[in-house]
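Read the numbers this way: they start at 1 and go in the same order the structure lists the ligands and their atoms.
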Amino acid sequence: YDYDLLVVGSANADLVIGVERRPGAGETVLGSDLAVHPGGKGGNQAVAAARLGARTALLARVGDDGHGRLLLDSQRAAGVDTAGVLVGGAPTGVALITVDPSGDNSIVVSPGANGRLTPEDVRAADALLRASRVVSAQLEIPLETVVEVVRRLPEGTRFVLNPSPPRELPAEVLAACDPLIVNEHEAQVIVGGELAGSPEDWARALLALGPRSVVVTLGAQGALVATAEGSVRVPAVRVEAVDTTGAGDAFTAALAWKLGAGAEPAEAAAYAARVGAVAVTRAGAQVSFPTAEEVAAL
Ligand code: ATP
């Protein structure tokens, strides 16, 4: 394999303005200077994996505009192979974020080019899929595109899905997941109702839908790894959390990479928990993701 991990997913420019108070209908408020950060779950996962040392490629779509160039530059700076990133068709996806002094935010996402990553684009990227040991996806691109990834998955290639933002999933997508990685909210939507009992019970309900394995992330409580054989808790590393943005993406990327490298699921999740722990000790998403040396030093 040329790549340890291929991430198929979104790339967004996060446009962040600090405000004293978030505006109501018809209201204008003045805010801080604009900060532009590279984001999107796909872009975040790719940067997280590359920074850890995984040979990583990204299949995504950005606009032929300044935000698109910024996103490509930040991917390349992290060491991601961006030959599979398509350019044009719509403006680069953006998230407009206002944050008030208490840290509460309001977000508007314009998917833009992410919404134009099509099944046809996946078919055209066949060589990239064949060159990758693990393929990781999220749901900030059209579901039909994720379905095509699953259909095109070469024999022996592992598929990892973080269904975020969550929606009900077709059986063929669920059956390909090894693992399906969810937090509590995502688990609830995938199961399609209130979750009863403990995270172990949620994992059993999810496994009944067909994935080969399930990982439930539990924030400061760590994670749970589950297969038909049973489940194992992976404790979080105790740290001073500063900003949890992107922790789930960093966790997912690290887990996908380690599983592809042959680690046992619990061992891979323990490593991913260390990566997530470093990410929460620093502000921001992609800028907060650690190198392998920083994970070792934790
Ligand atoms: P996101 O908010 O980025 O979508 P998520 O809800 O998918 O994230 P989390 O459970 O918040 O995922 O975080 C992923 C992993 O990162 C956790 O399983 C845990 O190992 C680690 N982590 C998250 N928050 C903390 C924390 N406060 N302290 C230590 N580790 C943490």
Side-chain angles (χ1 to χ4, degrees), residues 7 9-12 14 16 37-49 51-52 95 97 99 103-105 107 109 136-140 160-167 169 177 179-191 195 198-200 202-203 206 211 213-226 231-259 263 265-290 294-295 297-298:
V7 179
S10 58
N12 286 330
D14 291 343
V16 187
H37 302 295
K41 290 190 168 287
N44 287 353
Q45 285 189 14
V47 165
R51 201 160 290 154
L52 291 169
I97 305 170
V99 191
D104 283 336
N105 56 32
I107 304 179
V109 173
S136 166
Q138 324 78 37
L139 298 182
E140 290 182 336
V160 173
L161 179 67
N162 172 221
S164 176
R167 53 187 287 180
L169 291 171
C177 297
L180 176 73
I181 305 175
V182 291
N183 62 23
E184 178 175 1
H185 169 62
E186 290 151 8
Q188 194 167 320
V189 175
I190 302 293
V191 168
L195 293 171
S198 65
E200 282 77 5
W202 313 342
L206 289 161
S213 57
V214 166
V215 174
V216 182
T217 59
L218 302 165
Q221 260 63 260
L224 175 83
V225 179
S231 60
V232 189
R233 288 267 187 161
V234 175
V237 182
R238 196 97 67 96
V239 290
E240 197 71 51
V242 171
D243 178 2
T244 62
T245 313
D249 299 329
F251 177 96
T252 298
L255 179 71
W257 173 46
K258 285 291 176 188
L259 286 170
E267 184 195 333
Y271 183 81
R274 295 169 66 86
V275 173
V278 179
V280 302
T281 63
R282 304 171 182 170
Q286 292 181 14
V287 291
S288 75
F289 297 161
E294 291 167 334
V295 178
L298 180 67

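For A273, the side-chain contact (heavy atoms from CB on, under 4.5 Å) partners are V234, F251, not counting sequence neighbours. Remark: K258 pairs with no residue by the salt bridge (Lys or Arg N to Asp or Glu O under 4.0 Å) rule, at least two apart or across chains. Residues forming a side-chain contact (heavy atoms from CB on, under 4.5 Å) with P165 (at least two apart in sequence, or on another chain): L139, E140.
Remark: side-chain polar atoms of N162 are paired, donor with acceptor, to backbone N or O of I181 under 3.5 angstrom. Although no hydrogens or angles enter the test, the distance criterion places a donor-acceptor pair under 3.5 Å between the side chain of E186 and the main chain of N183. A donor-acceptor distance shorter than 3.5 angstrom exists from the side chain of R51 to the backbone of Q286, with no hydrogens or angles considered.
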When you pair each N or O of ligand 1 with protein N or O atoms, which pairs come out under 3.5 Å?
| from | atom 1 | to | atom 2 | distance (Å) |
| --- | --- | --- | --- | --- |
| ligand 1 | 3 (O) | G248 | N | 3.1 |
| ligand 1 | 6 (O) | N183 | ND2 | 3.0 |
| ligand 1 | 8 (O) | G248 | N | 3.4 |
| ligand 1 | 10 (O) | T217 | OG1 | 3.3 |
| ligand 1 | 10 (O) | G219 | N | 2.7 |
| ligand 1 | 12 (O) | T217 | OG1 | 3.4 |
| ligand 1 | 18 (O) | G222 | O | 2.9 |

